[in-house]
Amino acid sequence: MNESSVTVAAPVPRQEPAAADGPRYDFNSAEPRWQRAWAERGCFRVEDVPTDGKPKYYVLEMFPYPSGKIHMGHVRNYTLGDVVARYKRAKGHSVLHPMGWDAFGLPAENAARERGVHPAKWTYENIANMRTELKRMGLSLDWEREFATCQPEYYRHQQKLFLDFLTAGLVERKESWVNWDPVDGTVLANEQVIDGRGWRSGALVEKKQLSQWFFSITKYAPDLLSALEGLDRWPERVRLMQSNWIGRSEGARMHFDLAASEAGIDKVEVYTTRPDTLYGMSFLAIAPEHPLAASVAARDPKAEAFVAECRSKGTSEAVIETGEKHGYDTGLRVKHPFIEGATYPIWIANFVLMEYGTGAIFGCPGHDQRDLDFSRKYGLDVVPVVLPPDGDPASFAIANDAYVGPGTIYNSDFLNGLDVDAAKRAAIAALVERKMGEGVVNWRLRDWGVSRQRYWGCPIPVIHCDSCGVVAVPDDQLPVTLPEDVTFDRPGNPLDHHPTWKHVNCPKCHKPARRETDTFDTFVDSSWYFARYCSPGSDLPLVRAAVDHWMPVDQYIGGIEHAILHLLYSRFFTRAMKATGHIAVDEPFAGLFTQGMVNHESYKAADGTWLYPEEIEKRLDGTAVQRGTELPVTVGRVEAMSKSKRNTIDPGAIIARYGADTARWFILSDNPPDRDMEWTESGAAGAFRFTQRVFRLAEALDSVPTGPQPAEFGQAARTLRRATHRCIASVSEALDGFAFNVAVARLYELANAIGDAERIGNNDDGLGWARREAVEMLARLTSPMIPHLAEEVYARLHPGSADLVADLPWPDADPALLIAESVTIAVQVMGKLRGTIEVPPNAPADTVIAAAEAEINVARALEGKRVVKRVHVPNRIVNFVIAG
RNA sequence: GCGAGAGUGGCGGAACGGUAGACGCAGUCGGCUCAAAAUCGACCGCCUUCGGGCAUGGGGGUUCGAAUCCCCCCUCUCGCACCA
């Protein structure tokens, strides 16, 4: 997880912000100091089962893959989560906010193969480095809950869960077609097959049948789909993507009898959503992997060649993009279910998928575009059976487009005259009557294959015994740990090559047997970690009292790239854990927020090589030159930070230069958090200026005496206090709505208002008190975003106080101060703005209208006109409608 | 192809159906400086005969009033994609 982009170290050191006159906020000493203060106070620690009676709030960001360094995507992700965590905590919640490591995975094995470093060493060193970097961000995390999924203390429980699922019938071992890389000797995910070749080896990928472990996610398909409706704090598009992925469709499962049986096979099973078009049938097509295709291929060399070709080219982009359809006529024929004596050819076709439905279709070219393309290519009949509403049965014909719209059935015997839906029902009824089929619901979702031929993953805790079959590793022998002495000097799975590891005795019959050498897909590791955080030290996978208290996660935050797989697997896993008694909830994540990416301009030198941002210098006219050489540089697109384009910004360098608060402030201020943002140098510098300005506003109060709240405030003080309390209200509202960029804008407004008050300089009428109040509120309201500076400012305002802002409750706005002393009302004539008037709040309508009519511009616009309607919206607007 | 989302100044973006452009970035002018940096102040959608007019992708509609609601169209982004 979270490994989409990798940051590399900046090669050229950047210059420090120029040292300026006067004292400055020294983030270098302040940030570590406050981080220590929070840690020593244990501000962010919570109990597994709290007894403080506070409402719980569980904030979680997708845990990082320990690639080596944190990148800006992490900074954005964890800053967003930290704002939520700190805000909810201040609002009186007991907040669980943990962090850990998604630590198994292929990059560690690649490092082992490429550099000879053991995956464990590589992983743990990366974790140590990234932990240090994350701690510099000042996140309000309970670090005592940290774990890595590669620790036996974690994955032993995963093995236990697997065995519980096995007992509960939620896991099975079955044969399946997989992408097999013959050079690397491993199964590849579909995403790892590029143009028909393995992404690492470049070898042609083969389709191969392997025995694999599967989680029975399809058992939950209906529930996983219907429960999406209740996830009302998930983005609509994620719910939609999951819904499409699960892919429910209604139709009929039916069989066609072969005219003559083939190698003992006498019928073909078909799934269709269009049983109403059965009379339009002109062929039957089966997938190349279909058993019937295999038996034809066994006796027919041409068929065998065709199947082999499909197998090798099936996944290539060329075939998929052009949609070119290929087929082979087997010579076999099937009988029509309703038409006595009619038979149709059976083709093997490349566009029929073995994975979906039954791997066989009946072809109705009149009303399915693919079937039409296929029929035109091979000269098969095209018989229309659905007449469009305005169609003429005598002349309606199918040209190049199949007709898939609504209409009336014709050319179809007993179905004639029915509409499409009625005909579907009638056709299914007829199939049922003849015992040839039934109405079914079909799902696109497949069971989740979790076997990987990898070393750096969680061992699957089973033993294969020749006498007893598959035997679960007994609980008292868990965990099955990875052997450390492995080599990566040849392709394939090091566990399989290990001289002794897999050789064990069967736990049942004690005869020699073999350990399973496959490990789990790393998505398994991340499918329950959120629940483990509730009781990370327990001897049980989950402690019911802890998960019952904390789960579900109230706010989950991460990238959209996990919209389907990780989230769907986690939803399944939670249900499976419920079925096995480990947890009580169905849904793991009550709220989900998907953040946008962090992008940056890219730069290219004249010779075509990419340049790091540190290597270029911007000119005033927007062009850029190479630092030092002054050679011209092409400024490229703003795109996702990537190592290859060298448009990365190292968070460590930013924090060293500006401090964590600046990085956090800029990343929050730039735009709404669900959209992609552009990291810019000027934006970061602007954020840095703000932090310094806040400090100066606090510093300016050193000479302003403290004292009790005055009974009376002058005009300027009242204005400032209104700004302060309006800010409390509006920042709270913005934070509640994830509008962090708006919260930032409101805080700039408050800072501007304090600056205005500062320049007035007269403290006699309570302005000094009002300024202290405003600066304190500025600190407290910014504290979820820039927590270190908030502490620094608060401490300066309260010398000698031991209070931490992190422990203070969220301030409440004084309702009396949210009411303006006067309101500006817009005056329109026929909907066009003609002027504004100042009136007391909630002034009576006739007073306001009279004042509006008196306004000079309005009066001019109304002169000589007849007003037919006066619209008055209190405290908002007056609109005069005139005749004519 | 199917589905979803989005189009507002030079840029990122604000805006319960009620003064469009908050706030920031960039820019212009000025104060302070020998100068620069930092900082502070002012300006900053387009046109204008200085009355005002035009402006939220385009065109219609609803409304006293539309960036916002409805219909049609255009463009862009993302997701799924031979799913029978």
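Numbered from 1 within each chain, the chains take letters A, B, ... in sequence-line order. Since this is a predicted model, take the numbers as computed values, not measurements. Every heavy atom of this structure was used, including side-chain atoms; hydrogens, water molecules and symmetry mates were not.
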Trainee: Check whether any side-chain N or O of A/Asn671 sits under 4.0 Å from OP1 or OP2 of B/G13, and answer yes or no.
Mentor: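 For A/Asn671, the contact criterion (side-chain N or O under 4.0 Å from OP1 or OP2 of B/G13) is met.
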
Trainee: Any carboxylate oxygen within less than 4.0 angstrom of a Lys/Arg side-chain nitrogen, looking at A/Glu236 and A/Arg239?
Mentor: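 Salt bridge flag = yes for A/Arg239 with A/Glu236.
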
Trainee: Would you say the side chain of A/Phe695 lies within less than 4.5 Å of the side chain of A/Arg24, judging by non-hydrogen atoms?
Mentor: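 Answer no - side chains too far apart.
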
Trainee: Check whether any side-chain N or O of A/Arg759 sits under 4.0 Å from OP1 or OP2 of B/G41, and answer yes or no.
Mentor: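 Yes, because at least one side-chain N or O of A/Arg759 sits under 4.0 Å from OP1 or OP2 of B/G41.
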
Trainee: Between B/A84 and A/Asn442, is there an OP1 or OP2 to side-chain N/O distance shorter than 4.0 Å?
Mentor: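 Answer no for this pair, as no side-chain N or O of A/Asn442 is under 4.0 Å from OP1 or OP2.
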
Trainee: Should A/Arg689 be listed as having a side-chain N or O under 4.0 Å from OP1 or OP2 of B/C25?
Mentor: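 The answer is yes; a side-chain N or O of A/Arg689 sits under 4.0 Å from OP1 or OP2.
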
Trainee: Heavy atoms from C-beta onward define the side chain here; which of B/A22, B/G53, B/G65 lies closest to that of A/Ala745?
Mentor: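 Between B/A22, B/G53, B/G65, the one nearest the side chain of A/Ala745 would be B/A22.
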
Trainee: Rounded to the Å, how far apart are A/Phe738 CZ and B/A14 P?
Mentor: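 The distance from CZ of A/Phe738 to P of B/A14 comes to 15 Å, rounded to the nearest Å.
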
Trainee: Give each stem of RNA chain B as a range with a range, requiring at least 3 consecutive Watson-Crick or G-U wobble pairs whose two distances are under 3.5 Å.
Mentor: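 Looking at RNA chain B, the stems formed by three or more consecutive pairs are B:1-7 with B:74-80, B:10-12 with B:23-25, B:27-31 with B:39-43, B:45-47 with B:52-54, B:57-61 with B:69-73.
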
Trainee: Atom CG of A/Asn857 and atom P of B/C50: how far apart are they, to the nearest Å?
Mentor: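 Value for this atom pair: 15 Å.
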
Trainee: If we count only N and O atoms by modelled type, under 3.5 Å, do the side chains of A/Tyr271 and A/Ser249 hold a donor and an acceptor together?
Mentor: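 Checked: A/Tyr271/A/Ser249 side chains pair up, N/O donor to acceptor below 3.5 Å.
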
Trainee: For B/A84, does either OP1 or OP2 sit under 4.0 Å from a side-chain N or O belonging to A/Tyr356?
Mentor: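 True: A/Tyr356 side-chain N/O within range (under 4.0 Å) of B/A84 OP1/OP2.
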
Trainee: Check whether any side-chain nitrogen or oxygen of A/Arg834 sits under 4.0 Å from OP1 or OP2 of B/U19, and answer yes or no.
Mentor: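 No, A/Arg834 has no side-chain N/O under 4.0 Å of OP1/OP2 on B/U19.
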
Trainee: What do you reckon, are the aromatic ring centroids of A/Phe593 and A/Phe738 less than 6.0 Å apart?
Mentor: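 Yes, they do, as the ring centres are separated by less than 6.0 Å.
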
Trainee: Using O4'-C1'-N9-C4 for purines and O4'-C1'-N1-C2 for pyrimidines, with syn meaning within 90° of 0, is B/G79 syn or anti?
Mentor: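 Anti for B/G79; the angle lies over 90° from 0.
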
Trainee: Mind checking the C1' distance from B/G18 to B/G24? Whole angstroms is fine.
Mentor: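 Per the computed distance, 26 Å lies between those C1' atoms.
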
Trainee: Syn if the chi torsion is within 90° of 0, anti otherwise; quick check, which is B/G51?
Mentor: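 Syn, angle within 90° of zero.
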
Trainee: Under 4.0 Å between a side-chain N or O of A/Arg696 and OP1 or OP2 of B/C40?
Mentor: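 Checking B/C40 against A/Arg696, a side-chain N or O does come within under 4.0 Å of OP1 or OP2.
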
Trainee: With a cut-off of under 6.0 Å to the ring centre and 45° to the axis, is A/Lys325 in cation-pi contact with A/Phe351?
Mentor: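 Cation-pi check for A/Lys325 and A/Phe351: passes.
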
Trainee: Would you measure the distance from the P atom in B/C54 across to the matching atom in B/G59 and give it in whole Å?
Mentor: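 One P to the other, the span is 14 Å.
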
Trainee: OP1 or OP2 of B/A81 sitting under 4.0 Å from any side-chain N/O of A/Arg444?
Mentor: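 A/Arg444 to B/A81 OP1/OP2: side-chain N or O found under 4.0 Å.
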
Trainee: Which value, in whole Å, describes the distance between the C1' atoms of nucleotides B/C2 and B/G13?
Mentor: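 Each nucleotide's C1' atom is 32 Å from the other's.
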
Trainee: Near A/Asp702 CG, under 6.0 Å, is it more than 12 heavy atoms from other residues, nucleotides or ligands?
Mentor: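 Enclosed.
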
Trainee: Using the C1' atom as the point on both nucleotides, what is the distance between B/A22 and B/U8, in whole Å?
Mentor: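 Taking atom C1' in both B/U8 and B/A22, they lie 13 Å apart.
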
Trainee: Is there a donor-acceptor contact under 3.5 Å linking the side chains of A/Asn741 and A/Asp670?
Mentor: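 Side-chain D/A pair, A/Asn741 to A/Asp670: absent.
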
Trainee: Given the C1' atoms of B/A37 and B/C43, what is the spacing between them in whole Å?
Mentor: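 The answer is 23 Å between these two C1' atoms.
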
